[in-house]
Protein chains: 2
Amino acid sequence: MTVDADPLTATFAALADPTRRAILARLTRGEATVGQLAEPFDVSLPAISKHVKVLQKAGLIEQTRRAQWRSCRLRPEPLRDLATWMEQYRDFLGDSLDRLDQYLTDLQKGDRS
Amino acid sequence: MTVDADPLTATFAALADPTRRAILARLTRGEATVGQLAEPFDVSLPAISKHVKVLQKAGLIEQTRRAQWRSCRLRPEPLRDLATWMEQYRDFLGDSLDRLDQYLTDLQKGDRS
DNA sequence: CCCATACTTTCCTGTATAGTTAATTAACTG
DNA sequence: CAGTTAATTAACTATACAGGAAAGTATGGG
């Protein structure tokens with residue numbers, strides 16, 4: 001993957017790492033600082049910092065600065081785009097996408113994105 | 001990504017390439033040989049052959065040999081696993097829709113009854 | 001049997017990524 | 001203002017991946 005890949009590619013690339021997926025999953029339970037995100041993992045803080053940066057570049061999270069802490073939180077757009085991308089496989093997959101599809105149907109009616 | 005990554009990681013990594021995603025999309029329209037898959041792209045056949053191998057290793061496609069042709073077709077499991085993985089973000093994505101989403105959800109309930 | 005067809009594999013190059021430690025930036029604290 | 005805390009950046013290593021050219025492997029046809 002090149003540095004400035006298209007958004008979907010950046011999203012998939014960002015998610016192609018268990019540590020980054022774990023970070024995302026952690027963030028569904030609320031905001032966290034980089035240090036807090038690093039805790040469960042057996043890697044250095046700089047390593048986590050870089051993972052956070054990748055997630056940020058993909059638009060999956062955003063950071064807000066509060067004093068010397070950087071609070072991270074999830075952003076929905078890339079995951080929605082992923083769901084949209086998956087739609088093209090709905091017929092092929094059959095009804096296993098039903099819940100996802102239902103969500104997207106709602107989304108399309110109400111959201112201009 | 002390491003060579004023998006977990007299935008989800010392999011799936012995301014396989015999808016983190018526009019050429020491979022295009023190959024998958026092509027296969028929703030039916031089986032195709034490696035040569036046919038290569039046609040729309042401006043890369044060598046070996047390059048496509050390698051992409052196909054990555055998709056295969058991720059379980060996204062399977063190849064069956066017919067004479068000297070390798071016919072490729074989609075396999076559903078990895079995409080279903082992806083949809084399952086996404087389920088954990090459903091609440092988060094839903095919540096981001098605010099009142100408008102709620103309105104549309106209500107509206108849809110009304111349509112159905 | 002030899003040759004064409006359809007791929008795949010090997011070898012090579014350039015670039016990207018994950019991780020490390022050490023140094024740096026930034027903001028608060030006494 | 002010196003020191004501590006939080007996190008990023010820099011420099012480096014090691015591995016992975018995309019791509020091409022060239023050689024290798026099957027398979028079927030004349």
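These values consider heavy atoms only, across backbone and side chains, with no hydrogens, waters or symmetry-generated copies.
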Any protein N or O atoms within reach of nucleotides 3-6 of chain D? Criterion: under 3.5 Å, listing atom names and distances.
unit_1 : atom_1 : unit_2 : atom_2 : d
D/dA6  : O3'    : A/Q68  : O      : 3.4

Measuring to OP1 and OP2 of [N], would you say a side-chain N or O of [X] lies under 4.0 angstrom away?
| X | N | value |
| --- | --- | --- |
| A/S49 | D/dA7 | no |
| B/K50 | C/dC7 | no |
| B/H51 | D/dC17 | no |
| B/S44 | D/dG20 | yes |

Note to self: In terms of relative ring orientation, are B/F12 and A/F12 parallel, tilted or perpendicular, with 30° and 60° separating the classes?
What the structure shows: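 Plane angle between 30° and 60°, so tilted.
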[atom1] of [X] versus [atom2] of [N]: gap in Å, rounded?
| X | N | atom1 | atom2 | result |
| --- | --- | --- | --- | --- |
| A/F41 | C/dT20 | CZ | C1' | 18 Å |
| B/L55 | C/dT8 | CG | C1' | 16 Å |
| A/I48 | C/dG19 | CD1 | P | 8 Å |
| A/K57 | C/dA18 | NZ | C1' | 15 Å |
| B/I23 | C/dC7 | CD1 | P | 12 Å |
| A/L15 | C/dA18 | CG | P | 12 Å |
| B/F12 | D/dC17 | CZ | C1' | 19 Å |
| A/D17 | D/dT15 | CG | C1' | 14 Å |

Item checked: Stepwise side-chain contact (heavy atoms from CB on, under 4.5 Å) test for B/R70 and B/T33 -> CA-CA 5 Å; B/R70 258 95 161 181; B/T33 66; over 6 Å; no
Checklist line | Polar contact flag, side-chain donor to acceptor under 3.5 angstrom, A/R21-B/T9 | finding: yes
Check: Among the nucleotides C/dG19, C/dC28, D/dG28, which one has an atom lying closest to any side-chain atom of B/A67?
Finding: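 So the nucleotide nearest the side chain must be D/dG28.
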Margin query: What's A/R66 touching, base or sugar-phosphate or nothing? Going by heavy atoms closer than 4.0 Å.
Written below: nothing
Check: For B/Q63, which contact category applies under a 4.0 Å heavy-atom criterion: base, sugar-phosphate, or nothing?
Finding: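 Since only primed, P, OP1 and OP2 atoms lie under 4.0 Å of B/Q63, the category is sugar-phosphate.
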Heavy-atom closest contact ([X] atom, [Y] atom, distance):
| X | Y | result |
| --- | --- | --- |
| B/C72 | B/L37 | SG-CD1, 3.9 Å |
| B/T28 | B/L74 | CG2-CD1, 3.6 Å |
| A/S71 | A/E31 | OG-OE1, 2.6 Å |
| B/A14 | B/L60 | CB-CD1, 3.8 Å |

Note to self: Between B/K53 and A/D42, which residue's closest nucleotide on DNA chain C lies nearer the 5′ terminus?
What the structure shows: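 Looking at DNA chain C, the more 5' nearest nucleotide goes with B/K53.
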